[in-house]
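Step one of this worksheet: look at the structure below.
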Amino acid sequence: MATMVTSTRPIIKKSAGGGPKVPGPGGNGSRKPNGDGDLLPDDSRSRRYRIGMWVGLASIFMMFTSLTSAYIVRAASANDWKPLPMPKILLVSTGLILISSVTLELARRRLKAGRQYHYAQFLVLTMALGFGFLFTQLNAWRELARQGVYVTTHPHSSFFYLLTGAHGVHLFGGLLAIIYLCIRSRPRPKADLAAAKSLAAVDALTIYWHFMDGLWLYLFLLLFFWR
């Protein structure tokens, strides 16, 4: 009696060029290697994230532009405008946020290179620096309060609390995004796919964080060195 043997070898479809056919980066939303071996996000996802981020930043830019205009007009026309003593701890704040931009950029590059562990380390460090920035900002408010400078003390102090508070709220929003990415950076079965999805988000978040960095430097100079 003849015995039929069924082969268990997988069938590999051939592409037009004769090589094995593999899913492209757009077919499953995954990442693809470039010429240097780095890993890039799906182009459509990255483009959507970036466009959405720039639209959001445009609205934030317009808001702070309006507040700046009000600040300049009020400072030029007010007889009760007084110099604001600069809390020295704001120098620490400035250093922390500058360093955090560097660590977030390093995190993005590590993820792009497929170095998931180092990416997670730099991401956590960025989060710590961001919370350190907010903590020093609160200490600056407390220092001014101890000197008798409150929101309603004079116009300059009112704008200081308004501008730094608005910036702090937006920075905290960025920190929430970093916390979310930290959670996603934990080891998981489909690590490559998770990293590919995270890279587009990290690219957009890096743009946002650098914008917050530049915005703080601008506000710092405006509040204490303009006029």
Side-chain angles (χ1 to χ4, degrees), residues 47-105 126-179 201-227:
R47 189 180 304 110
R48 291 195 304 269
Y49 282 27
R50 286 175 177 269
I51 291 175
M53 180 56 65
W54 283 117
V55 170
L57 290 179
S59 63
I60 296 175
F61 176 80
M62 292 176 63
M63 183 189 75
F64 278 94
T65 299
S66 300
L67 292 174
T68 298
S69 299
Y71 176 90
I72 293 175
V73 171
R74 187 71 173 86
S77 60
N79 296 325
D80 55 349
W81 192 270
K82 298 179 181 179
L84 191 67
M86 183 184 69
K88 300 300 182 183
I89 199 170
L90 289 182
L91 297 175
V92 179
S93 297
T94 304
L96 289 175
I97 197 170
L98 287 174
I99 297 173
S100 69
S101 275
V102 175
T103 56
L104 184 57
E105 179 63 26
T126 303
M127 180 180 63
L129 291 168
F131 277 110
F133 173 84
L134 293 181
F135 178 76
T136 55
Q137 292 281 291
L138 290 175
N139 281 341
W141 284 14
R142 293 192 187 102
E143 183 177 334
L144 288 175
R146 285 193 297 267
Q147 298 176 23
V149 180
Y150 301 99
V151 177
T152 58
T153 301
H154 51 74
H156 197 175
S157 65
S158 299
F159 275 102
F160 170 81
Y161 284 104
L162 174 62
L163 290 171
T164 57
H167 176 268
V169 169
H170 286 89
L171 190 84
F172 183 72
L175 281 172
L176 293 179
I178 291 178
I179 293 173
V202 172
D203 282 341
L205 177 60
T206 302
I207 295 173
Y208 181 86
W209 199 263
H210 290 338
F211 179 85
M212 289 294 111
D213 189 340
L215 179 60
W216 168 251
L217 292 176
Y218 165 75
L219 293 176
F220 182 72
L221 295 174
L222 177 69
L223 290 167
F224 296 105
F225 296 98
W226 182 79
R227 199 186 180 194

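Numbers here are sequence positions counted from 1.
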**OP:** Using the side-chain contact (heavy atoms from CB on, under 4.5 Å) rule, take W209 and V202 through it: C-alpha gap first, then chi angles, then the decisive distance, then the call.
**Re:** CA-CA 10 Å; W209 199 263; V202 172; over 6 Å; no
Subject >> Shortest non-hydrogen contact from P87 toward F224 >> reply: CD-CZ, 4.1 Å
**OP:** Compare every heavy atom of P83 with every heavy atom of P85, then report the nearest pair and how far apart it is.
**Re:** CD-O, 3.8 Å
**OP:** Give the C-alpha distance, both sets of side-chain angles, the deciding distance and a yes or no for side-chain contact (heavy atoms from CB on, under 4.5 Å) between F172 and L134.
**Re:** CA-CA 8 Å; F172 183 72; L134 293 181; 4.0 Å; yes
Subject >> Reported NE2-to-OG distance for the pair H210 and S100, which is rounded to 0.5 angstrom >> reply: 9.0 Å
Original post:
Going from CG on L90 to CG on L144, what distance comes out if it is rounded to the nearest 0.5 angstrom?
Top reply: 7.5 Å
Residue pairs fulfilling side-chain hydrogen bond (donor to acceptor under 3.5 Å, both in side chains) with at least one residue in [range], sequence neighbours excluded:
| range | answer |
| --- | --- |
| residues 162-174 | W141-T164 |
| residues 56-69 | T68-Y218 |
| residues 126-138 | S93-T136, S93-Q137, T103-T126 |

**OP:** List in chain and number order the residues that pass side chain to side chain donor-acceptor pair (under 3.5 Å) with R142, two or more places apart in sequence or in another chain; answer none if no residue qualifies.
**Re:** N139
[X]: partners by side chain to side chain contact (heavy atoms under 4.5 Å, CB included), with sequence neighbours left out:
| X | value |
| --- | --- |
| I207 | R50, M53, W54, L57 |
| L217 | T94, L98, D213 |
| A128 | none |

Subject >> Between F131 and F135, ring centroids under 6.0 Å >> reply: no
Is any side-chain heavy atom of [X] less than 4.5 Å from a side-chain heavy atom of [Y]?
| X | Y | answer |
| --- | --- | --- |
| L171 | W216 | no |
| L129 | F133 | no |
| L104 | Y208 | no |

Original post:
Are any of the side-chain nitrogens in R74 or D80 under 4.0 Å away from the carboxylate oxygens of its partner?
Top reply: yes
Subject >> salt bridge (charged side-chain N to carboxylate O under 4.0 Å, His left out) involving E143 - partner list, sequence neighbours excluded >> reply: none
Compile the donor-acceptor pairs under 3.5 Å between side chains in residues 154-163 and protein atoms, sequence neighbours left out, one pair per line.
residue: H154; atom: ND1; partner: H156; partner atom: N; Å: 3.3
residue: H154; atom: ND1; partner: S157; partner atom: N; Å: 3.2
residue: H156; atom: ND1; partner: K82; partner atom: O; Å: 2.8
residue: H156; atom: NE2; partner: Y71; partner atom: OH; Å: 3.2
residue: H156; atom: NE2; partner: L223; partner atom: O; Å: 2.9
residue: S157; atom: OG; partner: Y150; partner atom: O; Å: 2.8
residue: S157; atom: OG; partner: H154; partner atom: N; Å: 3.1
residue: S157; atom: OG; partner: H154; partner atom: O; Å: 2.7
residue: S158; atom: OG; partner: V151; partner atom: O; Å: 2.4
residue: S158; atom: OG; partner: H154; partner atom: O; Å: 3.2
residue: Y161; atom: OH; partner: V149; partner atom: O; Å: 2.8

